[in-house]
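Worksheet: the structure to be examined is printed underneath.
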Amino acid sequence: MSPVFAHGRLRLYLLKLLDEAPRHGYEVIRLLEERFHGLYAPSAGTVYPRLAKLEAEGLVTHASEGGRKVYSITDAGRAELADRGGELADLEREIRESVSELAAEIRDDVRGAAGTLRREMRAAAGESRRTQPPEGDEWAAWRRAKQEWKDQARRATEESRRAREDAQSARRQAKEAQEKARQEMLRMAQQVQDHVMRGEGPADLVGRLGSLLGGLTAPAAPSYAKPDPADTPEWARDEVPSADPARDLERLLDRFRDDVRDAARDHGVTGPQLAEARRHLSTAATHIVALLRRPPA
């Protein structure tokens, strides 16, 4: 069977899974098995040493929760993930192809086993016709063996059918996801084009995009309410910038996302809270994008 991950690719995919959310090692193994529709599941001896190596390189870190190590990606790990964005896209495509190849190999193996069983059954049947039928205990043993051959052939046929259905389902899901993403991009582009043709302002565009993304009728961007200074997170306070403002901004966005995700995980999210959060995010995005597009003084 061909290898699922080429050299160094499992390391990259582990960073991707940890970038989605902090996870413990068993959860990483389970997610990999789900992504491959049960056709591939790495062992603990494959995953845990790689997590330890990533931690030694400073790309991930861990915290103990309930006696388990929960691994999280670091800023250095996100930087490597960003630098290898093109390679990650290729890896996602290779995973889809690997699922199809694994299903095909399993189907061929099962088909070969079924063929071997059929040949053995035909040979046994021919031999039985050339000899006298067994009697007594021998007859009962012969009948049991014959029934076992039939059961094995039936199981092999069923496994072949399931493998074929799994492969078809994987291909269909990949095509549906690709088509959905393409349709969404086309619809977004049309919305923006309509906005430009009408000469609408940024607030109108935010309202239309909010309706498109969330199925909500978004009003004009709400006014911004400045938080109490005591509630301002540490990372949002004035700091001495480095020589690379763009990288400083990326770090701020990472810290912002971590705070929001931690709050959602700790306290939960309701439907009205999601709608209100979407309006705040759209307003903040409009102001920040307009700021960044403004010519430097």
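Scope of the values below: all heavy atoms of this structure, side chains included, with no hydrogens, waters or symmetry mates. Nothing fancy with the numbering, it's 1 onward along the sequence.
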Which is it for Arg11 and Glu57 under the salt bridge (Lys or Arg N to Asp or Glu O under 4.0 Å) test, yes or no, and what are the steps along the way? CA-CA 12 Å; Arg11 160 200 175 97; Glu57 295 174 0; 2.7 Å; yes
Steps toward side chain to side chain donor-acceptor pair (under 3.5 Å) verdict (Thr283, Thr286): CA-CA 5 Å; Thr283 301; Thr286 300; over 6 Å; no
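Residues Leu12 and Leu81 form a side-chain contact, since some pair of their non-hydrogen atoms from C-beta on lies under 4.5 Å apart. His24 places none of its side-chain heavy atoms less than 4.5 Å from the side chain of Lys69. When side chains are defined from C-beta on, Glu276 counts as touching Arg279, because their heavy atoms get closer than 4.5 Å. A 4.5 Å side-chain heavy-atom check between Arg257 and Val260 finds every atom pair outside the cut-off.
Expressed to the nearest 0.5 Å, how far CG of Asp75 lies from OG1 of Thr61 amounts to 11.5 Å. Note: Arg161 CZ to Glu165 CD = 4.0 Å, rounded to the nearest 0.5 Å. Taken from CG in Leu10 to CZ in Arg50, the straight-line distance is 5.0 Å, to the nearest 0.5 Å. Atom CG of Asp259 is separated from atom CG of Asp254 by 11.0 Å, given to the nearest 0.5 angstrom. Rounding to the nearest 0.5 Å places CG of Leu54 at 7.5 Å from CG of Leu18. Atom CD of Glu250 and atom CG of Leu252 lie 10.5 Å apart (nearest 0.5 Å).
Here the shortest heavy-atom pairing between Ile73 and Leu15 reads CD1-O, 3.7 Å. Between Gln273 and Gly268, the shortest heavy-atom distance links the atoms OE1-O, 3.8 Å. Of all non-hydrogen atoms in Leu17 and Arg23, the two that sit nearest each other are O-NE, 2.9 Å. When all heavy atoms are compared, the tightest approach of Ala44 to Pro49 is O-CD, 3.6 Å. Shortest non-hydrogen contact noted between Pro42 and Leu32 is CG-CD1, 3.4 Å. Across Ala79 and Arg247, no two heavy atoms sit closer than the pair CB-NH2, 3.9 Å.
Tyr48 and Val70 fall into different hydrophobic clusters, where Ile, Leu, Val, Met, Phe, Trp and Tyr residues are linked whenever their side-chain heavy atoms come under 4.5 Å apart, directly or through other members. Taking hydrophobic clusters as Ile, Leu, Val, Met, Phe, Trp and Tyr residues chained together by side-chain heavy-atom distances below 4.5 Å, Val289 does not share a cluster with Phe256.
At least one donor-acceptor pair under 3.5 Å links the side chain of Thr74 to the backbone N or O of Leu59. For Glu55 (side chain) and Ala52 (main-chain N/O), no donor-acceptor pair under 3.5 Å exists by modelled atom type. Side-chain atoms of Arg93 never come within 3.5 Å of backbone atoms of Ala89 as a donor-acceptor pair (strictly under, hydrogens ignored).
We find that Glu33 and Arg30 are not joined by a salt bridge, their nearest charged nitrogen and carboxylate oxygen being 4.0 Å or further apart. Ion pairing of Asp19 with Lys16 is absent here, as no side-chain N (NZ or NE/NH1/NH2) approaches a carboxylate O to less than 4.0 Å. A salt bridge between Arg162 and Glu158 is present, with a side-chain N of the basic residue lying under 4.0 Å from a carboxylate O of the acidic one. Ion pairing between a basic and an acidic side chain is recognised when a charged N comes within 4.0 Å of a carboxylate O; Glu148 and Arg144 show no such pairing. Between Asp258 and Arg255 no salt bridge is recorded (no basic side-chain N to carboxylate O distance below 4.0 Å). Between Glu159 and Arg155 there is no salt bridge, since none of the side-chain N atoms of the basic residue sits less than 4.0 Å from a carboxylate O of the acidic one.
Other residues, nucleotides and ligands contribute at most 12 non-hydrogen atoms within 6.0 Å of the CZ atom of Arg293. A 6.0 Å sphere centred on CZ of Arg143 holds no more than 12 heavy atoms belonging to other residues, nucleotides or ligands.
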